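Here the structure comes first, spelled out in structure tokens, and everything after it is commentary.
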Amino acid sequence: MIRYDGLACIVDTPTGQVQTVLEPSPEGYKALATFLSLSQNAERLAVGNPGSIIIWDLSTATIVWRLEDSTTSRVLEGVLTGMKLSGNGQFVAYVTSHKVVHVWDTATDRRQPLVGTQPDPQRYAGAWPIAISFDGRYTAVASVHSSIGIYSSKTGELLEVLSGHKGAVAQMAWSLDGSRLLSGSWDKSAKLWDVSLLQNLDETGPSSLKISLTDSASVSGPFSRRGSVCRMTYAAKDPVEWVFMARDESWYVSCSADGDLNFWDPKSGVSELKMKLKGWQNNAEHFDLGPISAISGGWLAVTKGHQSSIWRYSVVEKEYALHDEIRP
């Protein structure tokens, strides 16, 4: 979570106590942290602020990679408006208010721009919702026109366009193998996309669709260019702000801005469990769901301003409780 002084810190979930404060070295850039993104194995944490992105090794609380200019301490032109760390902890997809979406390969220190993803001036703060696959091969970018573009993180080319939502796409989540994408939209739905055909695509040759993500708005009706299909639509009562997948995909989870949680059965499309989080703060700035277990349930963390709430829930007993409130 982000502490009152803008530093990222690690909190012990059962006790709510701050265990480690991730403080850059004295010569490091100390702007307020604005984005956090954790790798799937919880070994790497990406911390983004207006001028840099820092990757931490959580086992040693040390910086392993830093994306910034050594003299000006700024390498990101514009304001950082979105950032996602790949599940394997190697790639970072990020976007600023002035430039295109980039994918940073920390192993080679190479940054690849994604073609045709200049921020739309009509969208809030110039941000694009983005999601990067576990292995970093694909980056999904949601346009202001409700379509979703899937890009090659290696070449920056647009590989696929998914259309079907009738409202702005708020968030997306990849399956571990990169063959499925879950999207949540303000049209009060979540959709599961089968994009497995992309894995057979030869990215070494010409792979561009010859259409931009912005131009895709001119194509009417649900469509895709590579044979990807929407396998299921999950109908919610309110606009969907966040979506999550259980690691074994036994559950898909959506959450509205009002704190309504839906645990969807992936095959039937039925909401098997619904929760209303009492005491929920609307317009939460950060929202994250821990690993979901069908037996023991899981944890839910919500941050707004300098206050964080940790919720404990049980999928089997259909119970939930506010575990702790943290004001570091």
Side-chain angles (χ1 to χ4, degrees), residues 1-3 5-11 18-114 117 127-141 151-156 172-174 176 178 203 286 288 290 301 303:
M1 62 173 293
I2 300 174
R3 209 170 63 165
D5 56 2
L7 295 178
C9 58
I10 308 301
V11 176
V18 176
Q19 290 187 324
T20 306
V21 177
L22 303 177
E23 185 170 3
S25 58
E27 66 274 10
Y29 187 57
K30 289 189 176 182
L32 299 181
T34 52
F35 291 95
L36 302 177
S37 186
L38 188 66
S39 65
Q40 191 77 33
N41 59 12
E43 293 180 355
R44 296 284 189 269
L45 177 69
V47 179
N49 60 51
S52 68
I53 297 174
I54 296 174
I55 311 296
W56 292 83
D57 182 331
L58 296 184
S59 63
T60 60
T62 57
I63 297 174
V64 289
W65 296 293
R66 188 194 300 267
L67 182 61
E68 67 177 16
D69 186 271
S70 59
T71 53
T72 64
S73 294
R74 286 188 65 91
V75 73
L76 307 179
E77 297 184 28
V79 178
L80 186 69
T81 56
M83 179 194 72
K84 292 292 183 180
L85 180 66
S86 64
N88 63 6
Q90 180 179 339
F91 299 88
V92 180
Y94 69 91
V95 58
T96 69
S97 57
H98 295 165
K99 289 295 182 178
V100 300
V101 178
H102 283 78
V103 176
W104 173 34
D105 184 348
T106 60
T108 63
D109 201 24
R110 179 176 180 267
R111 286 182 290 159
Q112 174 64 55
L114 304 186
T117 55
W128 297 80
I130 53 178
I132 188 166
S133 61
F134 178 88
D135 59 3
R137 183 178 178 184
Y138 306 116
T139 300
V141 180
Y151 290 80
S152 165
S153 299
K154 181 179 180 180
T155 66
M172 300 159 290
W174 286 94
L176 284 178
E203 296 179 44
H286 299 281
D288 205 0
T303 300

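One is the number of the first residue; the rest follow in order along the sequence. Note that the coordinates shown come from a computational prediction; the quantities given were computed from them, not determined experimentally.
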Of all the heavy-atom pairs spanning Arg110 and Lys154, show the shortest one and how long it is. NH1-O, 3.4 Å

Hey, does Thr139 have a side-chain heavy atom less than 4.5 Å from the side chain of Phe91? no

Examine distances only and state if a side-chain atom of Gln112 and a backbone atom of Thr155 form a donor-acceptor pair shorter than 3.5 Å. yes

Just by modelled atom types, is the Leu85 backbone N or O under 3.5 Å from a matching donor or acceptor in the Ser37 side chain? yes

Between Gln40 and Asn88, do the side chains contain an N or O donor and an N or O acceptor separated by less than 3.5 Å? no

Is there a side-chain contact between Val95 and Val141 in this structure, where contact means two heavy atoms from C-beta onward sitting under 4.5 Å apart? no

Please identify each residue that fulfils side chain to side chain donor-acceptor pair (under 3.5 Å) with Asp109, with sequence neighbours left out. Trp104

Roughly how far apart are Lys84 NZ and Leu36 CG, rounded to 0.5 Å? 10.5 Å

Salt bridge (Lys or Arg N to Asp or Glu O under 4.0 Å) partners of Asp57, counting only residues at least two apart: Arg44

Please round to the nearest 0.5 Å and tell me the distance separating atom CD of Glu43 and atom OG1 of Thr60. 10.5 Å

Excluding sequence neighbours, so at least two apart, what forms side chain to side chain donor-acceptor pair (under 3.5 Å) with Ser39? Asn41

side-chain contact (heavy atoms from CB on, under 4.5 Å) partners for Ala61, two or more places apart: Thr20, Leu22

Quick one: are Ile63 and Ile55 in side-chain contact, heavy atoms under 4.5 Å? no

Test item: Trp174 side-chain N/O and Ala131 main-chain N/O as donor-acceptor pair under 3.5 Å: yes

Would you mind listing every salt bridge (charged side-chain N to carboxylate O under 4.0 Å, His left out) that reaches into residues 87-97, with sequence neighbours excluded? none

Shortest non-hydrogen separation from Ile132 to Ser153 and the atoms involved: CD1-OG, 4.3 Å

Pairs flagged by salt bridge (charged side-chain N to carboxylate O under 4.0 Å, His left out) wherever residues 45-54 is involved - sequence neighbours left out: none

Show, in sequence, the C-alpha distance, side-chain angles and deciding distance for Tyr94 and Leu67, and conclude whether the side-chain contact (heavy atoms from CB on, under 4.5 Å) test is met. CA-CA 11 Å; Tyr94 69 91; Leu67 182 61; 3.9 Å; yes

Between Ser133 and Ser86, what is the shortest heavy-atom contact and its length? O-CB, 3.5 Å

For residues 87-97, pull every pair meeting salt bridge (charged side-chain N to carboxylate O under 4.0 Å, His left out), keeping only residues two or more places apart or in separate chains. none

